[in-house]
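Here's the structure, in structure tokens; my notes come after.
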Amino acid sequence: MSYKKNIPEEVHPWHLPPKEAIALQNKLSSQLRDEPLSLDSVSHIAGVDVSVKNDVSQAAVVVLTFPEMEVVEVRRAKRPTDYPYVPGLLTFREGPVLLEAFQQLEIIPDVYLFDGMGRIHPRKMGIGAHMGLWLQAPTIGVGKSHLTGSYDEPGPEKGDMSPLTYKGEQLGVVLRTRTNVKPVYVSAGHRMDLPSAIALVLACTPKYRLPTPIRAAHNAAGEY
DNA sequence: GCGACAG
DNA sequence: ATCTTGTCGC
């Protein structure tokens, strides 16, 4: 039995004009669920990333054991990039190719780490949150730069963090994963709560700025 | 109206 | 995201 059966045939269409895509995000955001995820219940974690070059999108999903962080499965997909990059609508550009990679998985991870935002988004639907609805699984977003919301610069030490708020609501945190290194933007996706997301990210980031699973996915997507 | 704007 | 070598600093 393939993992494809665990992904709904269709949650919604992808080729939507910006205005309709935004309306869809507003509708889908109400489906996001908060759920705690203890580190003890995690045995496999996946890193997700997409690289784009010459109008060709290359997706990579890498599954690693937790907490050992050993790669046990690598799946990739490639297809023409048919949607433009529009801030706030990244999922409509990278979602389709990611699904092709997800459908190949034989090892089902307990949680997915995305290179991009989770709920730190104008409509709480960053790529991590959005894809979580298709996967119907726990997801976390780890962004490398600012998209929206306000926050104070976190302390300089590894582990220091400050809340990121948007319209009076905290959507995530700006977390320093390495001392004196630019912080990352962490937020829960689907079936995940912020405390659990932060704990998972820190547990997966032993040496570098980005979590090991995301680094692995980035490498796999770039060399495909 | 102006500036900001994941990857 | 991508184009790209060496270089400053912990």
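Proteins get letters first, then strands, A, B, ... in listed order; numbering begins at 1 in each.
Of all heavy-atom pairs between A/Arg209 and A/Lys182, the closest is NE-O, 3.0 Å. Heavy-atom minimum distance, A/Leu98 versus A/Ala59: CD2-CB, 3.8 Å.
A/Val56 belongs to no hydrophobic cluster, as no Ile, Leu, Val, Met, Phe, Trp or Tyr side chain comes under 4.5 Å of its own.
Per the geometry, OH belonging to A/Tyr208 stands 16 Å off C1' belonging to C/dC10, to the nearest Å. Separating the CG atom of A/Asp55 from the P atom of C/dT2 is a distance of 13 Å, rounded to the nearest angstrom.
In this structure, the side chains of A/Lys124 and A/Leu171 come closer than 4.5 Å at one or more pairs of heavy atoms.
Residues passing the ring-ring contact (aromatic ring centres under 6.0 Å, His included) test with A/Phe66: none are found, sequence neighbours excluded. Under the ring-ring contact (aromatic ring centres under 6.0 Å, His included) criterion, A/His12 pairs with A/Trp14, A/His130, A/Trp134, sequence neighbours left out.
If you take CD on A/Gln104 and CZ on A/Arg76, they are separated by 10.0 Å, rounding to the nearest 0.5 Å. Annotation: the span from A/Ile22 atom CD1 to A/Phe92 atom CZ amounts to 9.0 Å, rounded to 0.5 Å.
Both A/Leu210 and A/Leu64 are members of a single hydrophobic cluster when ILVMFWY side chains are connected at heavy-atom separations under 4.5 Å.
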Q: Would you give a per-nucleotide map of nucleotides 1-7 of chain B, 5' to 3', where B means the base has a protein non-hydrogen atom under 4.0 Å away, S means only the sugar-phosphate does, and - means neither?
A: ----BBB
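Annotated stems with DNA chain C as a participant are lacking; only runs of 3 or more Watson-Crick or G-U pairs under 3.5 Å would qualify.
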Q. Please, what dot-bracket string fits DNA chain B when only Watson-Crick and G-U pairs with both distances under 3.5 Å count, crossing ones use [ ] and pairs to another strand use |?
A. .......
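A/His218 comes within contact range of the sugar-phosphate backbone alone, with a heavy-atom separation under 4.0 Å but no base atom that close.
Ion pairing between a basic and an acidic side chain is recognised when a charged N comes within 4.0 Å of a carboxylate O; A/Arg176 and A/Glu153 show such pairing.
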